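In what follows, every chain begins at residue 1, and chains take the letters A, B, ... in the order their sequences are listed. Computed from a predicted model, the values in this text were never measured in an experiment.
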Amino acid sequence: MHSSRGIPRTLPWKGRRVNLFSTISDAILKAYPELEAADLIFGAPPNLEMGDVAIPMFLPARKLRTAPPKLAAEAAERVSFGPEVSKSGAAGPYLNLSLDRSATGARIVNAVLEQGNGFGSNGSGTGRRILVEHTSINPNASPHVGRGRCAMIGDSMTRLFRFEGYDVEVHYYVNDMGRQIGLLVLIADEITDLDFNGILDAYVRANALAESDPEFAARGYELLVKMEEGDPDAQQRFKAVTDLCLKGQLEVLSRVGATYDYFDRESKYVNDPRMDQVQQRLRDRGVLFTDEKNRLVADLAPLGYAQEEGRFFVLMRANGSSMYGYRDIAYSLDKIERGTDVNLMILGEDHKLYAQQVGLILEAAGYPAPEVIYYSYILLKDGKMSTRQGKVVLLADFLDQAAALAVERVAEQCPELSPEEQGAIAETVAVSAIRFAVLRVKPGKNVTFDMEAALSFTGDTGPYVQYCCARINSILRKSVGALPVAPGAAFASAHDSEWALLMKIASFPAVVAESVQQRTCAPVANFSLDLAHLFTAFYHDCPVLKAQNAAQTESRLLICRAALQTLRNALDLLGISAPERM
RNA sequence: GCGCCCAUAGCUCAGCUGGAUAGAGCGCUUGCCUCCGGAGCAAGAGGCCACAGGUUCGAAUCCUGUUGGGCGCGCCA
């Protein structure tokens, strides 16, 4: 009896023809010319004894006007499979095949080691360019894990696209203006030695003051107007505060590995001349009008927007100052003009309606709407995060706590390493804990963040997968002589645990393809977990250095190398390092 | 009220382009360090896949409705 630890349910050839197994498909089509490749759906039988590949005969049977069980039995006899298939048989309406483990295993190991850091890539992005905008936090506080979700998703998608061969550029939109930043600037003037850590307090104070003191609020607006009009002093003050904040935020974000190629400041788009043309086109389409209060408004109804709520989108205030959306449209033009094949942004689910509105306006003006990945909020056990109530988990705090716990563990396990090395490993463990916890969940789900669970490092966690890598490295380090480079004639992978592991490894390219298509790295995270589990089962069942003979040791060392390479590639997409020791 | 998203074990989540008996982890129970790293492994208990209809040879998966949760509907950004 075996459970999911056996043959992976997600097969490399599921739903599509992959070169490794295309010969099976060809053999069947040769025997049944009436069928086509699309009729053959490859899956996995419920257990190993039944075979490695299962093909349901429902569709083919319908096409051939026969009963599925009858066709399965007939096909098992009639089709002449190549040497790759060691056994064929029918189980009810399913045609089950067993593969030659050693020959197939050798092919898998060969492919992994040959392709190295590129194993898993389908090259689907070759020659294509993509622009990703993510994170883009308001410069007012240290990022909490909810904000971090955006950065980690965006960063992992970037890694995924680059892995697939896309030329990717990463943009960060700096919201360096607006009423609230104006208030923050005012308060900042009253505080000496304002640093990043004091920003949040100042921000909360400024907003509270604005509510209780209308005069203060009015001064904030005045300052904003001066800034928009180009007053150098006002601009300089805005820049000083937002720079301070951005720098602090980026320091935290860089700890989790997020990097950006361009920082685009919102203030740059206040008076963008290209918007004249946009306005003209909107007028031509009959969607732009000045309302009774002298505001410049877009009516989305003629553009196919069906609801009354959100139908009208204000672009400019009566006093002629621009709204956020107006500047954002100008920014979109900037991004569009960079001429990438895909224009992608990662946004919180609170931006859904807004992004839809902006998209409609852009399309009406003759531009393509950006593609958007929405992520849902991270909730805490006792409810939503609230900055004002102090109910937040700051990314920096989490990393500090996690690293402190991890360093104790590393000191125990690797006393031979220097304190600096131990500290560096602990930091990667902390990063892996948070990145993995966030990335293994699909972006659209509300998740409840459990601080205790995230700090435990046991079970289905990033550190568990890292630990698996450290273990493999340990075996490779201890093996005597040169490591084998490629499977030879004596290569064997007959043991169930070896075979299951190799089958999982072979499915990696399909997991990557699925992740690109679904626009989420969650399948990669779950794949790495499955792979680590399967490796550990192999580790317990199949001694490598103490195998029965040298040939077996060599085969297993090769399997170790292939597993490590695949794990490293998967973890790299998640922004997690695979340590030598931990 | 209207719109979008979500609902799977006590808890946190996989599985969703329809296929055989729905899976992990945490927590709980029981074993396993003279043996390549126990951040581990093996086993057990735990499910009306929110509810109700529909499509199909076949539905956790697709469609409709209901319920519950998240988000949004600003001269905020």
Side-chain angles (χ1 to χ4, degrees), chain A residues 3-5 9-10 14-15 41 43-47 50 54 56 58-59 61-62 67-68 91-94 96 138 140 175 177-181 266 293-295 306-311 314 316-319 321 323-325 327-328 348-354 356-357 374 376-377 379 381 384 406 409-410 412-414 429 437 440-442 444-450 452-454 456-461 463-468 470-479 514 517-518 522-523 525-526 529-530 533 536-537 539-547 553 556 560 581-582:
Chain A
S3 57
S4 68
R5 294 290 149 85
R9 300 287 299 183
T10 310
K14 190 189 178 187
I41 297 161
N47 60 61
M50 298 174 77
F58 300 101
L59 263 66
R62 183 182 296 176
Y94 292 88
N96 290 341
N138 286 334
N140 58 19
N175 302 125
M177 54 182 297
R179 193 183 76 98
Q180 293 185 322
I181 304 298
E266 183 185 345
K293 290 177 185 164
N294 206 33
R295 300 176 295 189
Q307 277 75 45
E308 197 57 28
E309 298 78 18
R311 171 180 166 182
V314 178
M316 276 191 178
R317 300 184 178 92
N319 68 5
S321 67
M323 294 282 288
Y324 177 81
R327 288 165 243 143
D328 204 11
E349 64 175 335
D350 51 331
H351 284 67
K352 273 181 188 171
L353 175 59
Y354 167 79
Q356 191 193 351
Q357 292 168 325
Y374 297 102
S376 296
Y377 284 5
L379 309 173
K381 271 183 160 175
K384 302 172 197 175
R409 205 59 194 282
V410 177
E412 277 171 36
Q413 304 251 354
C414 313
V429 170
R440 68 175 295 216
V441 181
K442 293 216 263 192
K445 280 197 129 152
N446 286 113
V447 294
T448 308
F449 186 78
D450 183 344
E452 217 175 310
S456 78
F457 309 155
T458 66
D460 286 355
T461 64
Y464 170 83
V465 182
Q466 288 183 305
Y467 183 74
C468 181
R471 247 179 179 171
I472 300 175
N473 274 313
S474 176
I475 293 173
L476 297 180
R477 217 181 296 131
K478 284 180 178 158
S479 77
E514 181 195 350
Q517 193 210 339
Q518 290 187 21
N526 288 300
L529 211 43
D530 291 346
H533 277 134
T536 311
Y539 172 85
H540 281 274
D541 296 342
C542 306
V544 178
L545 302 177
K546 291 170 185 168
T553 290
R556 289 179 177 171
C560 284
R581 302 163 202 265
M582 63 185 281

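Following rounding to the nearest Å, His540(A) (NE2) and G31(B) (P) show an atom-to-atom distance of 19 Å. Separating the CD atom of Glu514(A) from the C1' atom of C16(B) is a distance of 10 Å, rounded to the nearest angstrom. Summarising the geometry, the separation between CG on Asn47(A) and P on G23(B) is reported as 12 Å, rounded to the nearest angstrom. The nearest whole Å value for the distance from the CG atom in Asn526(A) to the P atom in C16(B) is 11 Å. The nearest whole Å value for the distance from the NZ atom in Lys442(A) to the P atom in A14(B) is 7 Å.
Base contact: Leu59(A) has a heavy atom under 4.0 Å from a base atom. Counting any heavy atom pair closer than 4.0 Å across all strands shown, Val544(A) reaches a base atom. Ser474(A) comes within 4.0 angstrom of a nucleotide base, judged by non-hydrogen atoms across all strands. Using a 4.0 Å heavy-atom distance criterion, Tyr539(A) is classed as a base contact. When heavy atoms are screened at a 4.0 angstrom cut-off, Ala406(A) is found touching no nucleic acid atom at all. Residue Cys542(A) is classed as a base contact, given a heavy-atom separation below 4.0 Å to a base. Across all strands, Val465(A) comes closer than 4.0 Å to no nucleic acid atom at all (heavy-atom distances).
In this view, Ala437(A) satisfies the side chain to side chain contact (heavy atoms under 4.5 Å, CB included) rule with no residue, not counting sequence neighbours. With sequence neighbours left out, the side chain to side chain contact (heavy atoms under 4.5 Å, CB included) criterion links Ser321(A) to Glu228(A), Arg317(A), Asn319(A). Residues that satisfy the ring pair (Phe, Tyr, Trp, His ring centres under 6.0 Å) test with Tyr377(A), not counting sequence neighbours, are absent from this structure. Under the rule for a side-chain hydrogen bond (donor to acceptor under 3.5 Å, both in side chains), the partners of Asp541(A) that lie at least two apart in sequence or sit in another chain are Ser497(A). Here Gln518(A) pairs with Glu514(A) under the side-chain hydrogen bond (donor to acceptor under 3.5 Å, both in side chains) rule; sequence neighbours left out. Applying the side-chain hydrogen bond (donor to acceptor under 3.5 Å, both in side chains) test to Arg295(A) and every residue at least two apart in sequence or in another chain returns Asp291(A). Remark: Tyr354(A) engages Tyr324(A) in a ring pair (Phe, Tyr, Trp, His ring centres under 6.0 Å) (not counting sequence neighbours).
For the C1' atom pair drawn from A42(B) and G25(B), the interatomic distance equals 16 Å after rounding to whole Å. Nucleotides A50(B) and C36(B) place their C1' atoms 48 Å apart, quoted to the nearest Å. Nucleotides U30(B) and C35(B) place their P atoms 26 Å apart, quoted to the nearest Å. Going from the P atom of A59(B) to that of A22(B) covers 13 Å, rounded to whole Å. On the P atoms, A60(B) is 40 Å away from A39(B), given to the nearest whole Å. Spacing between C13(B) and G47(B) at atom C1', rounded to whole Å, works out to 15 Å. For the C1' atoms, the distance from G46(B) to U8(B) is 14 Å, rounded to whole Å. Between C4(B) and A43(B), the distance separating the two C1' atoms is 45 Å to the nearest Å.
A close approach under 4.0 Å does occur between a side-chain nitrogen or oxygen of Arg471(A) and OP1 or OP2 of G38(B). In this model, the phosphate group of G38(B) is not approached by any side-chain N or O of Tyr464(A) to a distance below 4.0 Å at OP1 or OP2. Between Arg409(A) and A39(B), a side-chain N or O to OP1/OP2 separation shorter than 4.0 Å is present.
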task: Please report the C-alpha distance between Arg471(A) and Cys468(A) in whole Å, then the side-chain angles of each, then the deciding distance to 0.1 Å, and finally whether the side-chain contact (heavy atoms from CB on, under 4.5 Å) criterion is met.
output: CA-CA 5 Å; Arg471(A) 247 179 179 171; Cys468(A) 181; 5.5 Å; no

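Counting distance only, with no hydrogens placed and no angle test, the side-chain atoms of Asn96(A) and the base atoms of A20(B) include a donor-acceptor pair under 3.5 Å.
Between C36(B), G3(B), A39(B), one nucleotide has an atom nearer to the side chain of Gln307(A) than all others, and that is G3(B). Distance from the side chain of Ala91(A) is smallest to A20(B) among A20(B), C13(B), A39(B).
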field: Base-pair map of RNA chain B as dot-bracket, where | denotes pairing with a different strand and pairs are Watson-Crick or G-U under 3.5 Å
entry: (((((((..((((.....[...)))).(((((.......))))).....(((((..]....))))))))))))....

- request: Would you give a per-nucleotide map of nucleotides 70-77 of chain B, 5' to 3', where B means the base has a protein non-hydrogen atom under 4.0 Å away, S means only the sugar-phosphate does, and - means neither?
  value: BSSB-BSB

